[in-house]
Amino acid sequence: MFEKLQLPVLRKTPTGQPSTAEDVLEELAASYELPRTVLDYRTLAKLKSTYTDKLPQQINSKTGRVHTSYHQAVAQTGRLSSSDPNLQNIPIRRAEGRRIRQAFIAAPGHVLMAADYSQIELRIMAHLSNDAGLLSAFAADLDVHCATAAEVFGVAVDAVSADQRRLAKTINFGLIYGMSPFGLARQLGIDRGAAQKYVDVYFARYPGVKRFMDDTRMQARANGFVETVYGRRLYLPDIRASNQQLRQAAERSAINAPMQGTAADIIKRAMIGVDAWCRLENFPARVVMQVHDELVLEVREDATDKVAAGIREQMAGAAELKVPLRIHIGVGMNWDEAH
DNA sequence: GGTTCAAGCGCG
DNA sequence: AAAGCGCGCTTGAACC
């Protein structure tokens, strides 16, 4: 009595089951009604189970706050990780999720100050690759995605369209992760040939980046490890694997680790500098969280401006790269407002 | 009662 | 044949 109701299987999971991952359902939603409903449900269920229901249970009764644990020897790249609760994955990208971030508030008479490095990994790529175009884009304090779009599409920086910038941003992030033209095609929903063309044009405009990628793969293979600017090593046991899949995954880690790892080194240096500065100057301010490229401080309201200036100086001075480090600082009564 | 695995998804 | 790095948490199923 029921008709067969089977949505097309667009992808299978590693165990061979039909995938219902977000991007798959997103594509199915163009032709069927159910996937959108499932996606909406999932968004809310995730927020409720992970944050809304859980965080209040994790408030410490003595302090009235949630206290995370940071781990220094977990992430392969030298980042910190955060658990119980994880405060490094509090929602921000969508409005519904941001309501959870709004629950993180400062003590009476205080504000939350969020200070983050802008485009730190791309700046590190400029430093490591010595690419002239990338170095000059950061030296001129350009919007780097606009600068990339201008190069790739051959237009003036201020003539870049929103779509062109979005595409350039995807390319820039893809590069940091070692993405292939195939992955770029999938991400952008364009065909492989078009994606390959973008990559070719990118590397023609930024030859230093191309050289850096190739050199990094070669050195990883020769040494069995890659290093950050400060000498932190990531060993890559699979870099010479005969299994192509394993080897290519190791190559992507080799590309990414110097950038992600150097960023981790720099913010650790900054944390030490910021904390020391606050104590030395006896400022009513303290670092309360770290989220990879961001420090969150709780600052007595009347000290806001002076602390912001000091934090900016400490963070910007945490490394001397071939490009300046830029710091964005926001202030608010809650963590969302501080962005 | 507990653990482990797979799948999915929140963040940088 | 696969195809984008690094994490931690939740649910549901299988199992002890």
Side-chain angles (χ1 to χ4, degrees), chain A residues 11-26 38-39 41-55 57-58 68-94 96-98 100-101 114 116-122 124-125 170-188 192 195-196 199 213 216 226 228 234 236 241 243-264 267 289-296 335 339:
Chain A
R11 195 196 310 161
K12 291 189 173 179
T13 70
T15 57
Q17 297 302 117
S19 170
T20 67
E22 187 176 317
D23 59 325
V24 170
L25 294 190
E26 198 62 55
V38 173
L39 285 168
Y41 171 79
R42 287 223 188 122
T43 298
L44 297 173
K46 177 88 176 180
L47 294 176
K48 182 173 189 293
S49 67
T50 307
Y51 306 103
T52 312
D53 287 347
K54 282 286 156 46
L55 286 169
Q57 299 172 7
Q58 291 168 290
T68 186
S69 296
Y70 288 110
H71 311 282
Q72 295 212 71
V74 174
Q76 301 297 302
T77 53
R79 276 187 174 183
L80 301 184
S81 78
S82 160
S83 71
D84 309 296
N86 182 356
L87 296 187
Q88 291 178 324
N89 73 343
I90 300 302
I92 190 171
R93 294 174 188 173
R94 290 183 287 202
E96 314 92 284
R98 275 202 294 275
I100 287 155
R101 192 166 280 245
D116 66 88
Y117 286 105
S118 58
Q119 308 300 348
I120 189 167
E121 292 187 359
L122 284 171
I124 292 164
M125 185 162 88
T170 302
I171 294 177
N172 280 331
F173 274 103
L175 285 165
I176 291 174
Y177 300 149
M179 187 165 63
S180 68
F182 181 95
L184 185 64
R186 196 160 76 100
Q187 180 73 32
L188 291 173
R192 289 185 61 173
Q196 182 67 57
V199 172
M213 301 280 165
T216 301
V226 290
T228 66
L234 176 67
L236 297 155
N243 179 325
Q244 178 177 243
Q245 198 181 332
L246 283 179
R247 190 177 64 250
Q248 287 176 345
E251 286 173 358
R252 292 193 294 274
S253 293
I255 298 283
N256 175 259
M259 293 181 273
Q260 186 179 126
T262 298
I267 196 161
M289 285 187 283
Q290 187 258 41
V291 191
H292 308 307
D293 66 353
E294 169 186 4
L295 296 180
V296 181
W335 195 9
H339 278 264

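In what follows, every heavy atom counts, from backbone to side chain, and hydrogens, waters and symmetry copies are set aside. Reminder, nothing fancy here: chain letters follow the sequence lines and each chain counts from 1.
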Looking at A/Ser81, I'd like to know whether one of its side-chain N or O atoms comes within less than 4.0 Å of OP1 or OP2 on C/dG8.
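The answer is yes; a side-chain N or O of A/Ser81 sits under 4.0 Å from OP1 or OP2.
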Atom-to-atom span, [atom1] of [X] to [atom2] of [N] - whole angstrom:
{"X": "A/Gln58", "N": "C/dG8", "atom1": "CD", "atom2": "P", "answer": "15 Å"}
{"X": "A/Lys54", "N": "C/dT10", "atom1": "NZ", "atom2": "C1'", "answer": "7 Å"}
{"X": "A/Leu44", "N": "C/dT10", "atom1": "CG", "atom2": "P", "answer": "17 Å"}
{"X": "A/Gln244", "N": "C/dA3", "atom1": "CD", "atom2": "C1'", "answer": "10 Å"}
{"X": "A/Leu87", "N": "C/dC7", "atom1": "CG", "atom2": "P", "answer": "18 Å"}

Mate of B/dT4 where both pairing distances stay under 3.5 Å, Watson-Crick or G-U:
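Paired with B/dT4, as far as the under-3.5 Å criterion goes, is C/dA13.
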Identify the nucleotide, in any strand shown, that forms a Watson-Crick or G-U wobble pair with C/dA2, with both distances under 3.5 Å; if there is none, say none.
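Checking every strand shown, C/dA2 finds no partner, since no pair has both distances under 3.5 Å.
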What I want to check is whether the side chains of A/Gln260 and A/Thr77 have a donor and an acceptor closer together than 3.5 Å.
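Side-chain D/A pair, A/Gln260 to A/Thr77: present.
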Looking only at atom C1', what distance separates C/dA2 and B/dC9, rounded to whole Å?
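Rounded to whole Å, the distance is 22 Å.
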Say you draw a straight line from [atom1] of [X] to [atom2] of [Y]; how long is it, rounded to the nearest 0.5 Å?
{"X": "A/Gln290", "Y": "A/Ile267", "atom1": "CD", "atom2": "CD1", "result": "4.5 Å"}
{"X": "A/Tyr177", "Y": "A/Arg252", "atom1": "OH", "atom2": "CZ", "result": "13.5 Å"}
{"X": "A/His292", "Y": "A/Ile120", "atom1": "NE2", "atom2": "CD1", "result": "13.0 Å"}

Quick one: what's the B/S/- string for nucleotides 5-12 of chain B, heavy-atom cutoff under 4.0 Å, read 5' to 3'?
-SSBBBBB
Proximity to DNA chain C (any heavy atom under 4.0 Å), residues of residues 247-255 of chain A only
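Residues of residues 247-255 of chain A under 4.0 Å from DNA chain C: A/Arg252, A/Ser253.
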So what does A/Asp84 touch, heavy atoms closer than 4.0 Å: a base, only the sugar-phosphate, or nothing?
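If one applies the 4.0 Å heavy-atom cut-off, A/Asp84 turns out to touch the sugar-phosphate alone, with no base involved.
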Can you check whether [X] reaches [Y] side chain to side chain, under 4.5 Å on heavy atoms?
{"X": "A/Leu295", "Y": "A/Met289", "answer": "no"}
{"X": "A/Thr20", "Y": "A/Val38", "answer": "no"}
{"X": "A/Asn172", "Y": "A/Gln119", "answer": "no"}
{"X": "A/Val296", "Y": "A/Leu87", "answer": "no"}

Please find the pair of heavy atoms, one from A/His71 and one from A/Ser83, that lie closest to each other, and give the distance.
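Taking every non-hydrogen atom into account, NE2-OG, 2.7 Å.
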